[in-house]
Amino acid sequence: MSFDNKSLQNLIMGALERIAFLVVEPTDPNVTNDLPPAYASAKIDFEGFAMGSVVVSASEGFLLEMASGILGVEPEDISVEVEGLDALREITNILGGEVLRALGGDDNPSKLSLPEVINSAPSTWPTASCLMDAMGELLYVSWYSKAAKKAA
Amino acid sequence: MNCNVLIVDDSPILRTAIKKVVRLAGVPDDRIHEAGNGQEALDVLETIWVDLVLLDLNMPVMDGEQFVVELQKRDVISDVAVVVVSTESNKERLQRLRDLGVRSSLHKPFEPEDLCRLITEIMGVAS
């Protein structure tokens, strides 16, 4: 099945709107040099008919917005280290499931790992990736296919 | 709504979000209980009667499927309504869980209205 950056963008937009009532749009990292730094990253692996990982990185402001959307409270009432990182793990879990589903997971057995906060992203190029913007705060999502890594 | 609900999810933020929806469905705060994995859920079930379990699958210590198997072993699966709320979409696994006694499933990410409707349907209360 064809799965590209556009497919990934659509999954992210749908997931964030449903789980956090957060409207995000794809953005081009080359249009500005004034990008907020990533605060944290999280990863989930899957194995079975499809093998790979989804890595999600977010700016601090994005984590606050996402957690406040999930909880229905103001961002000022959120601790980025507690609810923010928990929200990051959960959106990573959800996006891992969504990517797997888009690859054919409904009909093929597979297993997701537990999502974990990581210190650095994989050193290989992602199979698909996109940068999403919510009011100037950024989310970067990458999908790494193990099959694609072998072919590279 | 006069029932006890147990939310089983390893994500505290998701448990809080689901708890809000359960409240919206009419369940009072003191009848909503939480557990972070299947083992904790079994511990809760040892102490209180639960009518509905909202169950994540992908959890540490004891995952949701192991929890359902434990309920079946203890012969209580028919007394407790279990609804799977997870990222799982594999038809074979979901069917296996239904065969074990799970009543229904809801795919994450879900609309809060869908969960609210499912709770009222399962507990036999018109929304």
Side-chain angles (χ1 to χ4, degrees), chain A residues 11-22 42 44-46 48-50 54 63-64 66-73 77-116, chain B residues 7-24 29 32 34 36-40 54-67 84-99 105-118:
Chain A
L11 290 185
I12 297 163
M13 287 191 284
L16 281 166
E17 195 170 345
R18 268 175 280 166
I19 203 72
F21 309 101
L22 193 58
I44 191 164
D45 301 320
F46 46 84
F49 78 99
V54 171
L63 293 178
L64 294 173
M66 182 165 59
S68 77
I70 293 172
L71 291 171
V73 299
D77 298 326
I78 296 290
S79 158
V80 71
E81 278 295 315
V82 182
E83 294 95 346
L85 292 183
D86 193 19
L88 178 64
R89 278 188 290 268
E90 189 53 35
I91 195 65
T92 304
N93 181 41
I94 287 171
L95 291 175
E98 291 291 90
V99 168
L100 203 49
R101 192 178 200 186
L103 294 170
D106 287 9
D107 298 309
N108 298 287
S110 51
K111 186 167 171 52
L112 279 172
S113 71
L114 294 169
E116 58 175 345
Chain B
I7 302 163
V8 191
D9 198 307
D10 59 327
S11 165
I13 198 169
L14 245 287
R15 290 203 304 269
T16 305
I18 291 172
K19 192 172 182 178
K20 284 191 169 192
V21 180
V22 176
R23 259 192 230 123
L24 280 175
D29 254 358
I32 307 173
E34 298 181 37
N37 59 59
Q39 184 56 58
E40 284 183 19
L54 300 173
L55 180 69
D56 187 19
L57 291 180
N58 195 18
M59 294 182 289
V61 185
M62 180 187 285
D63 70 26
E65 189 166 348
Q66 290 172 300
F67 169 76
V84 166
V85 182
S86 103
T87 57
E88 183 62 61
S89 66
N90 184 252
K91 291 173 190 165
E92 197 180 303
R93 189 177 190 202
L94 291 172
Q95 185 56 53
R96 190 165 68 237
L97 286 160
R98 284 198 193 92
D99 293 343
S105 60
L106 185 64
H107 185 77
K108 286 182 190 172
F110 54 82
E111 301 277 358
E113 294 80 8
D114 292 337
L115 178 57
C116 196
R117 197 177 308 119
L118 191 56

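These numbers come from the heavy atoms of this one structure, side chains and all, not from hydrogens, waters or symmetry mates.
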Problem set entry | Expected output: side-chain A:Asp86 to main-chain B:Ile13 donor-acceptor under 3.5 Å |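 Yes; judged by distance alone, with no hydrogens or angles, the pair exists.
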
Counting only non-hydrogen atoms closer than 4.5 Å, does [X] touch chain B with its backbone (N, CA, C, O), its side chain (CB onward), both, or neither?
| X | answer |
| --- | --- |
| A:Glu17 | neither |
| A:Glu90 | side chain |
| A:Ala20 | neither |

Problem set entry | Steps toward salt bridge (charged side-chain N to carboxylate O under 4.0 Å, His left out) verdict (B:Asp9, B:Lys108) | CA-CA 12 Å; B:Asp9 198 307; B:Lys108 286 182 190 172; 2.9 Å; yes

For this session: Could you give me the CA-CA distance, side-chain angles and deciding distance for B:Asp99 and B:Arg96, then say whether salt bridge (charged side-chain N to carboxylate O under 4.0 Å, His left out) is met?
Result: CA-CA 5 Å; B:Asp99 293 343; B:Arg96 190 165 68 237; over 6 Å; no

For this session: Give, as side chain, backbone, both or neither, the part of B:Lys20 having an atom under 4.5 angstrom from any heavy atom of chain A.
Result: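 When you check distances to chain A, only side chain atoms of B:Lys20 fall under 4.5 Å.
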
For this session: Answer yes if the side chains of B:Ser89 and A:Asp106 hold a donor-acceptor pair under 3.5 Å, and no otherwise.
Result: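 Checked: B:Ser89/A:Asp106 side chains pair up, N/O donor to acceptor below 3.5 Å.
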
